[in-house]
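Inspection log for the structure reproduced underneath, given as structure tokens.
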Amino acid sequence: MSSSAFACLVKIYSFFPLLLILYLIKISHGWLPDTSTKLINGLSKIPSISFKGNTTFPDHFTVLYQDDNTILFGGRNRIYNLSVFDFSERKDSTIYWPSSEAHHQICTLKGKTEDDCQNYIRMLFYTAPGKMLICGTNSYKPYCRIMQQKNEKVIVEKEMEGIGLCPYDPEDNSTAVYSNGHLFSATVADFSGTDPLIYRQPLRTELSDLRQLNAPNFVSSLTYGDYIYFFFRETAVEYMNCGKVIYSRVARVCKHDKGGPHQSRDRWTTFLKARLNCSMPGEYPFYFDEIQSTSEVVDGKYGGDSNVKIIYSALTTPNNAIGGSAICIFQMEDIQSVFEGPFKYQEGINSNWLPVPDNKVPTPRPGQCVQDSRVLANNNVNFIKTHPLMEKTVPSLNGRPLLIRVSLNYRFTAVTVDPQVRTISDETFDVIYVGTDDGKVLKLVNIPSSNSTKAFVISENEVFPKGTPIKQLKIAPGYGKVVVVTKKEVKLVTLNPCASIGRCSDCIELRDPHCAWDSLKGVCVSVDAVTSFRYLIQDVRGGNISRCRIQPTDKSIPKSEYETKLIDTNSLEEDKQSPDPLLRLDGESTDCNEVDGEKVTGCAAQSKLTLYTSEYLHIIVAVASLAGLFVGFLCGYLVSRRFHVHTQYPNPPFIEQHNHLDRLTVNQNSFLAPRTKTVNLDVLNVSTDSLPPKKDNLGSLKNLNITNEGTLQKIKKTYI
Ligand SMILES: *[C@@H]1O[C@H](CO)[C@@H](O)[C@H](O)[C@H]1NC(C)=O
Ligand SMILES: *[C@@H]1O[C@H](CO)[C@@H](O)[C@H](O)[C@H]1NC(C)=O
Ligand SMILES: *[C@@H]1O[C@H](CO)[C@@H](O)[C@H](O)[C@H]1NC(C)=O
Ligand SMILES: *[C@@H]1O[C@H](CO)[C@@H](O)[C@H](O)[C@H]1NC(C)=O
């Protein structure tokens with residue numbers, strides 16, 4: 001059994017370099033245009049206000065709530081109340097809620113650290129005006145409180161257990177949404193974090209049914225129409241080749257699901273999920289399979305259609321693969337139509353996953369909201385329990401990502417949108433902010449046309465020191481204002497570069513909908529700061545600087561705010577070909593002359609201007625792929641030498657089997673480790689005190705074994 005699995009691994013590794021090269025050649029052209037960063041702002045260049053909460057211990061900050069003038073952060077034993085305009089702390093509105101001494105002691109006895117055994121507030125929802133539901137980790141024993149605001153004071157009305165609502169671990173990836181008087185949560189319901197669930201009292205997903213949830217990391221949730229949608233990543237149960245792979249999902253449940261008949265009255269009758277397809281199209285699509293963050297639903301005008309409802313999401317490649325990140329747009333309409341499409345089904349543990357034929361789908365169609373789910377027929381409820389996965393994947397808008405970044409230094413971790421920012425000519429564009437695990441925030445603008453998605457990177461900003469992952473981003477009032485959340489610190493930053501730009505052409509080419517060139521005063525201004533658009537020049541869609549030339553006084557003001565400037569080759573070539581001598585000089589040393597009798601101080605900064613041409617990028621890509629080739633080959637060779645005896649299969653038919661690059665990024669560890677999941681009885685004991693009832697513990701564990709073996713048998717079958 002294990003030798004065949006080794007054979008599988010060997011094949012993967014020996015084919016990796018070839019596919020890598022094929023792949024890089026194929027897509028390098030798709031990747032290059034996205035390197036058009038205009039501004040790179042260093043840490044000290046960004047106006048920001050910082051809030052550190054408890055300065056001695058990490059607060060594990062999370063944004064609990066935000067309105068027109070207040071933002072509430074959940075922290076260590078506290079809810080901090082800050083003004084969203086200037087981050088001033090309203091100290092007398094801080095809600096203090098530590099764990100009780102008893103809970104704290106039990107937590108320490110269970111072997112958790114002092115930092116773990118605190119009450120990190122993870123959620124807050126207004127259930128009525130002045131009435132709040134708040135939940136915290138409460139020293140690994142989640143608790144919730146209903147609080148009532150009464151003349152400036154907040155009093156506790158009720159306290160109850162929060163298992164299944166709130167996570168145990170402050171760093172856990174959980175999400176919840178409040179709708180129609182109910183809390184819908186996606187979290188874990190046990191101390192050890194092995195019982196994930198989507199829960200609304202009393203309904204939950206099946207316990208340890210890997211078809212429903214398989215080691216998920218929940219990312220976000222939202223209410224839309226009659227349904228609640230959850231975005232998460234999880235181990236793909238339908239993936240049948242070597243190793244394990246993570247896919248991104250969207251799942252949904254009906255808001256007024258009432259549970260099934262009889263023994264399934266505490267189970268969802270509407271839980272369905274589908275894979276999200278964020279990929280570079282091609283013969284071998286390249287997938288960004290691990291969702292990290294989503295925006296809210298944005299309602300806007302894209303490529304001629306108005307009222308299009310979309311969400312932006314940040315997805316990455318697996319940790320052990322090439323460091324790729326993407327922003328993909330998913331349309332709510334596409335998500336809905338995938339849930340109307342065929343279901344996916346696996347007949348036996350060794351069979352392929354196939355679409356369920358229409359005539360085998362019961363009526364009413366499983367997964368739809370129905371009047372009263374408790375009167376559904378048993379076969380209807382059983383169908384959805386065994387067929388939670390949809391056959392079709394949710395395509396991204398226009399079939400490709402909005403932005404791709406390949407970087408060894410960072411991955412995307414968070415995304416948020418300032419929707420439909422109005423330009424001076426009354427067009428609207430989404431301004432998108434993307435956080436990385438390396439303390440950066442990218443500002444982009446989505447410039448849609450009828451059948452393509454194209455983002456233009458406005459700036460790349462070092463908001464936190466290198467190595468600080470950004471966990472959340474929120475839009476604050478004011479152009480370019482963003483709340484950036486990390487574990488120990490939150491910042492209100494202003495990513496509005498207009499005032500630091502000295503030249504008309506730079507101001508226009510930046511394509512920032514927030515900025516326009518004031519031709520009267522000769523300055524780049526923030527559009528929200530002016531009262532008349534009369535003398536303003538702006539072209540977000542085209543970036544056409546020709547109107548700049550008309551101006552007699554194109555003053556040059558030092559660009560001291562720049563550290564480096566990346567000019568994409570396109571605009572450089574444009575400049576060179578331009579018949580206008582003024583423009584041709586633009587990139588050169590005119591700035592060092594005296595302007596208006598003032599010696600311009602920007603010369604030094606100007607001469608540091610770095611040009612990255614596409615040749616340079618090609619060289620980087622080539623060097624990287626050669627290095628990859630070498631390492632891959634070496635690994636493949638060594639492993640194949642080592643296990644040669646086990647792996648003599650004439651002409652193995654593995655090209656068809658492994659034609660996706662993402663399948664090649666097998667985690668070697670997961671393979672070398674024993675395949676059978678070890679079951680710790682202590683863990684099971686601890687988890688029995690969790691809220692929702694647990695049935696068929698043993699049955700599903702047995703199932704787990706079979707599934708694992710099943711995968712291996714499948715592999716064996718493939719190669720003999
Ligand atoms: C930080 O937390 C510790 C223990 O939780 C507490 O004693 C201390 O007062 C807090 N400090 C601040 C500045 O809130
Ligand atoms: C936060 O502070 C604002 C302004 O003082 C106040 O109106 C609001 O009720 C406070 N929120 C909470 C949850 O205490
Ligand atoms: C939550 O997500 C982050 C970012 O993707 C990841 O680093 C972390 O390990 C996840 N937490 C858990 C408990 O899996
Ligand atoms: C994902 O989308 C791409 C193109 O947009 C398509 O070629 C590919 O087959 C899709 N993959 C899946 C698994 O649906």
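Note that these values count all heavy atoms, side chains included, but never hydrogens, waters or copies made by symmetry. As the structure is a computational prediction, the values presented were derived from the model and not from experiment. Order of appearance sets the numbers: ligands from 1, and atoms from 1 within every ligand.
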Give me the residue, atom name and distance of the protein heavy atom closest to atom 14 (O) of ligand 4. Thr393 OG1, 2.9 Å
Carboxylate-amine/guanidinium contact Lys131 Glu157, below 4.0 Å: yes
Do the numbers put Lys112 on top of the ring of Phe191, so that NZ or CZ is under 6.0 Å from the six-membered ring centre and no more than 45° off the axis? yes
Which one holds for Tyr287 and ligand 4: side chain close, backbone close, both close, or neither close, with close meaning a heavy atom under 4.0 Å? side chain
Any salt bridge between Lys273 and Glu234, counting N to O under 4.0 Å? yes
Tell me the nearest of Asp92, Asn81, Val154 to atom 8 (C) of ligand 2, using heavy-atom distances. Asn81
Please could you name the atoms of ligand 1 that Asn77 approaches to less than 4.0 Å, counting only its heavy atoms? 5 (O)
Identify, for atom 6 (C) of ligand 4, the protein heavy atom at the shortest distance, and state residue, atom and that distance. Asn277 ND2, 4.2 Å
Which heavy atom of the protein is the closest neighbour of atom 10 (C) of ligand 1, given with residue, atom name and distance? Asn54 ND2, 2.6 Å
Any chance the SG atoms on Cys144 and Cys135 come in under 2.5 Å? yes
Give a yes/no on ligand 4: does Ser279 have at least one heavy atom closer than 4.0 angstrom to it? yes
Under the criterion ring-ring contact (aromatic ring centres under 6.0 Å, His included), I'd like the reasoning laid out for Phe343 against Phe383: C-alpha separation, chi angles, the key distance, then a yes or no. CA-CA 10 Å; Phe343 298 87; Phe383 181 90; 5.1 Å; yes
For atom 7 (O) of ligand 4, grab the closest protein heavy atom and report residue, atom and distance to one decimal in Å. Pro285 CG, 3.9 Å
Would you say the rings of Phe339 and Tyr227 are close, in the sense that their centroids are separated by under 6.0 Å? no
N/O to N/O below 3.5 Å, does that happen between Gly399 and ligand 4? yes
Taking a cutoff of less than 4.0 Å between a non-hydrogen atom of the residue and any ligand atom, is Tyr126 in contact with ligand 2? yes
Charged tip of Lys471 within 45° of Phe61 ring normal and under 6.0 Å: no
With a 3.5 Å distance limit and no angle check, can you tell me whether Arg365 reaches the backbone of Glu340 through a side-chain donor-acceptor pair? yes
What protein heavy atom sits nearest atom 5 (O) of ligand 1, and how far away is it? Arg76 NE, 3.4 Å
Tell me whether Thr413 contacts the main-chain N or O of Ile470 through its side chain, where contact means a donor paired with an acceptor under 3.5 Å. yes
Any heavy atom of Arg275 sitting closer than 4.0 Å to ligand 4? yes
Is the closest protein non-hydrogen atom to atom 2 (O) of ligand 1 under 4.0 Å? yes
Carboxylate-amine/guanidinium proximity below 4.0 Å for Arg76 and Glu114: no
Gln149-ligand 2 polar pair, N/O distance under 3.5 Å: yes
Nearest-contact summary for atom 4 (C) of ligand 1 - protein heavy atom, Å: Phe57 CE1, 4.0 Å
Just jot down the ligand 2 atoms closer than 4.0 angstrom to any heavy atom of Ser93, in number order. 2 (O), 14 (O)
